[in-house]
Amino acid sequence: MIQTFSILVENQPGVLTRVAGLFGRRGFNIQSLAVGVTQDPTLSRMTVVVDGDDRVLEQVKKQLDKLVNVLKVSVLEGPEAISRELALVRVYAPPSQRAAIQQLADIFRARIVDVARRSLVVEVTGDQDKVAAMMSLLAEFGIIEVVRTGRIAMARGGRQVGGKAMCNAQSKGGTHDGEGLLRRGRGSRAPAGVQGGCLGVREPRERAGAKPEG
Amino acid sequence: MRGREAIWDSLIDLGVETVFGYPGGAVISLYDAMPTAIHHVLVRHEQGAAMAADGYARATGRLGVCVATSGPGALNLVSGLANAFLDSVPVLAITGQVSTAQLGRDAFQETDVFGATMSLTKHNYLVNRVDDLPRVLNEAAYIAQAGRKGPVLVDVPRDVMDAEVPEGADSTPRLPGYRPRQRGHPAQMERAARTLAAAGRPVILAGGGVKWSGASPLLVRLAQKTGAPVATTLMGLGTMPAGHPLFLGMMGMHGTPAANGAVQECDVLLALGVRFSDRVTGARESFAPSAQIIHVDVDPAELGKNVPAHIPIVGDIRHVLEDLLPLVPEKRHDEWVSRVNSMKRPGADDGTAVRTIMALAAATEGLARSDDLIVVTDVGQHQMWVAQHYPFYHPGTLITSGGLGAMGYGLPAAVGAALGCPRKTVVLVTGDGSLQMNVQELATVVQERLPVKIVLLDNTSLGMVRQWQEMFFGGNLVAVSLRGPDWVALARAYGLAAWRAGSPTEVEDGLASLLRNPGPGLLHCPVPPEENVLPMVPPGESISRIIVESRGGAT
Ligand SMILES: Cc1ncc(C[n+]2csc(CCOP(=O)(O)OP(=O)(O)O)c2C)c(N)n1
């Protein structure tokens, strides 16, 4: 079973090593891990996607809880959670294919963020399924390079995953739907998961050649 | 006040009197600032410092402290810290580090001690700012001693030791992510009480957690009230007094047939402060097959880790038992108790080694009963012979390396115990392999004038490994034969009194001399190399598959 853990940690040196080391030592299987600072600069949030049976997933939670620098561990699941990943995909794109790719990008609300003579860089944001669907369609054009973030996730509704409410954007009741997040994520700043450095486990860390957006 | 003074100040505020250590470049300034109120014990190897701090902590129940320099010094602590971690012992290690300007440049004697010890300490710190130092020391000491105890390491760069601590640096611990739970959940306690009340064949399994929480008297009362017989783990020996009619002995790989049999047949197992290690459970699938398991531990991560817990209870054992005792009805299980007692066997093995342990038990019985004795062991056959045959009447009177099984632990641990409990007699039972692993600490024993009594069971081999080779590797004996030194001469060279005991009467006389002699001494007891520890459960098999006799007599 695959489960997403949202871990609120003290923003201190060594915390990432502690968490990653724990997974390594206990043989827990990480699919992705994303870290970013929260609205409170002394705290960071890690989103870790783990594959394991019930016993393993329970141990993951308990062993994480046991770390002194970990404040709170929550499981974000199913429709209760909004989850997002971001991928930058460099696709083979001779001028004759550009329009087709652009069209595809529009359907997925993805964006073309860099254009070179024979390739494009597409930025796609969404839940796992959406990113996977986009990738398989882009594969038909020929994918040259992929860089992905790990998953980040947040509970729906007013529920907060630990920590003090500090920033009104988060504690303002009501629901933030996926679109809202998506739109904010499209601003000039990358989503929080990327800022703090991300350890995408599925894809090796690569240097993306994309130019910064204008 | 500078960082180095703040370290000592904090230690003194924490009530630390004794520190085990070894100086070097990165801690010279720390040593320079050492106040006279601290008794520093100069060990002969940093592993000895960590293990002595551990022995001190186990003997006193207080924080054990060790100090080492950067690089090789700090790395020499590692086995000792791992040992304290696996047996949940409160140890604080302070290590010097190269200065912050040098960090990351592979400076002389720079090693990543923070990284190296992360997975084998309860928590660790690299202190980069002197402002943090007083708070970090308080946090470290608190974490080491709170909840499930364990070692904490604080790595301090030289320039941080030398920097001025700003006025009013806050030393209050800030640990928002660490809140160990004391009391068990009331609903779970009710369920546990009902399950115990309905049990027909209950058994209590007591581990090291009972000792650390000071719950031994409550354990005895609970056993008496519920009528449940008690087995212990190696770490739990002493929490239920030897000779008590409800005491079954140690369970596990070298457990008694009664303890293993009772656990396998019970319908309710109340497990207190145990972590169900493989040495206890044997094959997990066939462990206690018909039992409802009530598992109590202060560390929630232990519940369900190795063995499923039907009723998990998070809490300090003492608090949980205080709350549980009034909830359980008075019961007797005469038939069940006589059934498990019928599984008890008189010591089938009466070899030289076991007879020596029995002679030691006889010679020290008075001291052991009045809680004036601590038995320390090393690791191997002699350790298991002590666990099986020496009667422990009080919690904490056996000090031994359980989870890590670290040879070489015995002598430094005895040093720590003797310093922590000067009024108790400290007896170290060791083997010729283990003693050589930290033999240099004989010098510490003499320099500190510690009256440690060493009983050396010399089977001229790495006995436990030899036993496995004989039993499970077709008798192919490889790399287990030891040609020892002249032990009596060696001990005397260090300044101990020493005797050799080649016959049973010499053992008796030798033990009498060893115990009567006011200073440290060593009794060299030659033992035939072929003696085995029995009963034994073959590794990885069900604990029902217990071998009780030497010649393949599996039952
Ligand atoms: C540091 C370390 N190295 C190796 C071992 C593996 N080992 C376990 S028992 C043992 C033999 C111990 O020999 P000795 O101290 O003479 O005790 P005996 O078994 O003969 O009583 C060995 C090598 C260990 N436990 N610890």
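All values derive from a computational prediction rather than experimental measurement. Below, read A as the first sequence line, B as the second, and so on, with proteins coming before strands; counting in each chain starts at 1.
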**Message:** Is L22(A) close to chain B through its backbone or its side chain, or both, or neither, when contacts mean heavy atoms under 4.5 Å?
**Reply:** neither
**Prompt:** Of all residues at least two apart in sequence or in a different chain, which pass the ring-ring contact (aromatic ring centres under 6.0 Å, His included) check with F5(A)?
**Reply:** none
**Item:** Engaged part of V68(A) at the chain B interface, taking heavy atoms whose separation is under 4.5 Å
**Value:** both
**Prompt:** F141(A): what forms a ring-ring contact (aromatic ring centres under 6.0 Å, His included) with it, not counting sequence neighbours?
**Reply:** none
**Request:** May I have all residue pairs that pass ring-ring contact (aromatic ring centres under 6.0 Å, His included) and include part of residues 46-78 of chain A, sequence neighbours excluded?
**Result:** none
Below 3.5 angstrom, are there any donor-acceptor pairs between chain B and chain A, and if so, which atoms and how far apart?
from: N124(B); atom 1: O; to: R18(A); atom 2: NH2; distance (Å): 3.0
from: N124(B); atom 1: OD1; to: R18(A); atom 2: NH1; distance (Å): 3.1
from: N124(B); atom 1: OD1; to: R18(A); atom 2: NH2; distance (Å): 2.9
from: D299(B); atom 1: OD2; to: K66(A); atom 2: NZ; distance (Å): 2.6
from: P300(B); atom 1: O; to: K62(A); atom 2: NZ; distance (Å): 3.3
from: A301(B); atom 1: O; to: Q59(A); atom 2: NE2; distance (Å): 2.8
from: L303(B); atom 1: O; to: K62(A); atom 2: NZ; distance (Å): 2.7
from: K305(B); atom 1: O; to: R55(A); atom 2: NH1; distance (Å): 2.7

**Message:** Which residue is it: I293(B), V280(B), L269(B)? I am looking for the one with a side chain to side chain contact (heavy atoms under 4.5 Å, CB included) to V307(B).
**Reply:** I293(B)
**Request:** Taking the side chain as every heavy atom from C-beta outward, state whether L11(B) and L92(B) have any pair of such atoms under 4.5 Å apart.
**Result:** yes
**Asked** To the nearest 0.5 Å, how far apart are CG in N83(B) and CG in L120(B)?
**Response** 11.0 Å
**Prompt:** Between R105(B) and Q102(B), is a side-chain hydrogen bond (donor to acceptor under 3.5 Å, both in side chains) present by the stated rule, with each step listed?
**Reply:** CA-CA 6 Å; R105(B) 295 169 189 267; Q102(B) 296 291 341; 5.2 Å; no
**Asked** L126(B) versus chain A, heavy atoms under 4.5 Å apart: side chain, backbone, both or neither?
**Response** neither
